[in-house]
Undergrad: 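One structure follows; several queries about it will come next.
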Amino acid sequence: MFSEGKVEVIAGPCAVETREQVLRTAEALSSLGIKILRGGAYKPRTSPYTFQGLEEEGLKILSEAGKKFNLLTVTEVIDTEFLPLILKYVDIIQIGARNMDNYALLKKVGKETAKDGRWVLLKRGFAATIKEWLLAAEYITSAGNQNVVLCERGVRTFETSTRFTLDLNAIPIVKKLSPHPVIVDPSHGTGHADIVIPMSRAAIAAGADGIMVEVHPEPRKALCDGAQSLDLKSLSQLKEEIGKVARALGKEVV
Ligand code: PEP
Ligand code: MN
């Protein structure tokens with residue numbers, strides 16, 4: 001995973017909601033040749049009154065879908081308390097923007113994943129400088145796991161027409177300053193499904209090693225982040241369009 005000349009695609013719903021939702025999504029990924037399925041089972045929601053995730057039930061669904069369609073799985077850990085269970089079910093551990101500076105969590109994830117070297121996907125905090133983000137990654141690497149992929153997901157600015165401002169500057173800077181692959185999340189970075197594809201093309205053009213996008217079989221019914229989720233047909237279009245950009249750079253989308 002994450003090698004020179006390759007562009008990885010990670011796709012899946014913001015949150016695991018039902019078995020059917022995840023299996024339908026996984027089937028679509030598989031038919032497009034996408035290898036990594038995402039889905040949140042523990043959601044760090046801004047409001048405590050919104051859907052918080054299916055927890056262990058969600059991990060089981062994600063794991064079942066991964067096995068059935070031969071996909072790697074990624075989910076977010078929001079607290080050290082849930083880490084043992086997540087490690088049992090899921091391949092790649094995500095640390096979200098809201099936890100980028102949770103140093104106890106970074107250390108614990110670093111220590112536990114060092115045992116088998118599994119990948120940790122570290123998102124940039126939405127008010128974190130690139131330097132702070134790279135230092136957060138060093139909490140993981142200095143605990144013994146070098147397999148960290150950095151994910152730019154937008155930062156907070158004065159702009160209100162998008163949910164966040166996707167900082168594509170970060171891609172070449174991170175590539176210059178760190179040994180880690182860098183991917184881009186244009187779903188959270190924009191908040192709007194209709195600009196996810198152009199920003200995905202831009203991310204690949206700027207040198208990203210991959211993208212992570214939210215998809216849902218029925219975005220309008222999503223319990224979480226529906227407005228920024230692509231439907232399954234748009235996912236196929238996205239794959240095709242980033243393929244063109246990748247090929248122009250002598251890379252291929254996996
Ligand atoms: C997510 O990937 O679902 C998520 C919560 O992202 P972020 O941490 O970037 O807000
Ligand atoms: Mn989301």
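In this chain, numbering begins with 1 at the start of the sequence shown. Here the structure is a predicted model, which means the values were calculated and not measured. In each ligand, atom 1 is the first atom listed, and ligand 1 is the first ligand listed.
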Undergrad: Rounded to 10 degrees, what angle sits at the Mn ion (ligand 2) between Cys14 SG and His188 NE2?
TA: 170°

Undergrad: Write the atom name of the N, O or S atom in Glu214 that is nearest the Mn ion (ligand 2).
TA: OE2

Undergrad: Can we say Asp185 and Lys123 salt-bridge, meaning some charged N sits less than 4.0 Å from an Asp/Glu carboxylate O?
TA: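 Yes, this pair counts.
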
Undergrad: Using the side chain to side chain contact (heavy atoms under 4.5 Å, CB included) rule, take Leu135 and Glu132 through it: C-alpha gap first, then chi angles, then the decisive distance, then the call.
TA: CA-CA 5 Å; Leu135 284 169; Glu132 287 162 345; 5.7 Å; no

Undergrad: If you count the atoms of ligand 1 from 1 in the order shown, which ones are under 4.0 Å from a heavy atom of Glu214?
TA: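 Ligand 1 atoms under the 4.0 Å threshold to Glu214: 3 (O).
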
Undergrad: Would you name the N/O/S atom of Asp225 that lies closest to the Mn ion (ligand 2)?
TA: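 Relative to the Mn ion (ligand 2), the closest nitrogen, oxygen or sulfur of Asp225 carries the name OD2.
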
Undergrad: Counting non-hydrogen protein atoms only, what is the nearest one to atom 5 (C) of ligand 1? Give residue, atom name and distance.
TA: Glu76 OE1, 3.6 Å

Undergrad: Cation over ring, Arg153 on Phe126, under 6.0 Å and within 45°?
TA: no

Undergrad: Salt bridge (charged side-chain N to carboxylate O under 4.0 Å, His left out), that's the test. Do Glu17 and Lys221 meet it? Break it down for me.
TA: CA-CA 10 Å; Glu17 298 166 5; Lys221 293 192 184 155; over 6 Å; no

Undergrad: For atom 1 (C) of ligand 1, what's the nearest protein heavy atom and its distance?
TA: His188 CE1, 3.2 Å

Undergrad: Under 4.0 Å from any heavy atom of Arg98, which atoms of ligand 1 are there?
TA: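 The list of qualifying atoms is 7 (P), 8 (O), 10 (O).
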
Undergrad: One thing to verify: whether Arg38 and Glu214 come together as a salt bridge, which I'm taking to mean a side-chain N less than 4.0 angstrom from a carboxylate O.
TA: yes

Undergrad: Any heavy atom of Gln94 sitting closer than 4.0 Å to ligand 1?
TA: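 It does; at least one heavy atom falls under 4.0 Å.
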
Undergrad: Whether Asp231 and Lys233 form a salt bridge (side-chain N of Lys/Arg under 4.0 Å from carboxylate O of Asp/Glu) is what I want to check.
TA: no

Undergrad: Give the residue and atom name of whichever protein heavy atom lies nearest to atom 8 (O) of ligand 1, and the separation in Å to one decimal.
TA: Ala97 N, 2.8 Å

Undergrad: Check step by step if side-chain hydrogen bond (donor to acceptor under 3.5 Å, both in side chains) holds for Ser161 and Glu159.
TA: CA-CA 6 Å; Ser161 49; Glu159 183 54 67; 2.6 Å; yes

Undergrad: Tell me if a side-chain donor or acceptor on Asn145 pairs with a main-chain N or O of Gly110 at a distance below 3.5 Å.
TA: no

Undergrad: Can a donor-acceptor pair be found, under 3.5 Å and without considering hydrogens, that links the side chain of Gln228 to the backbone of His192?
TA: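 No; zero donor-acceptor contacts below 3.5 Å.
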
Undergrad: Check whether any N or O atom of Arg153, backbone or side chain, sits under 3.5 Å from an N or O atom of ligand 1, and answer yes or no.
TA: yes

Undergrad: Counting each atom of ligand 1 from 1 as listed, which ones have a heavy atom of Lys123 under 4.0 Å away?
TA: 1 (C), 2 (O), 4 (C), 6 (O), 7 (P), 8 (O), 9 (O)

Undergrad: Number the atoms of ligand 1 from 1 as they appear, then name those within less than 4.0 Å of a heavy atom of Lys43, with their elements.
TA: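 Within the 4.0 Å cut-off of Lys43, ligand 1 contributes 1 (C), 3 (O), 5 (C).
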
Undergrad: At less than 4.0 angstrom from any non-hydrogen atom of Gly96, what atoms of ligand 1 do you find?
TA: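 Those atoms are 8 (O).
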
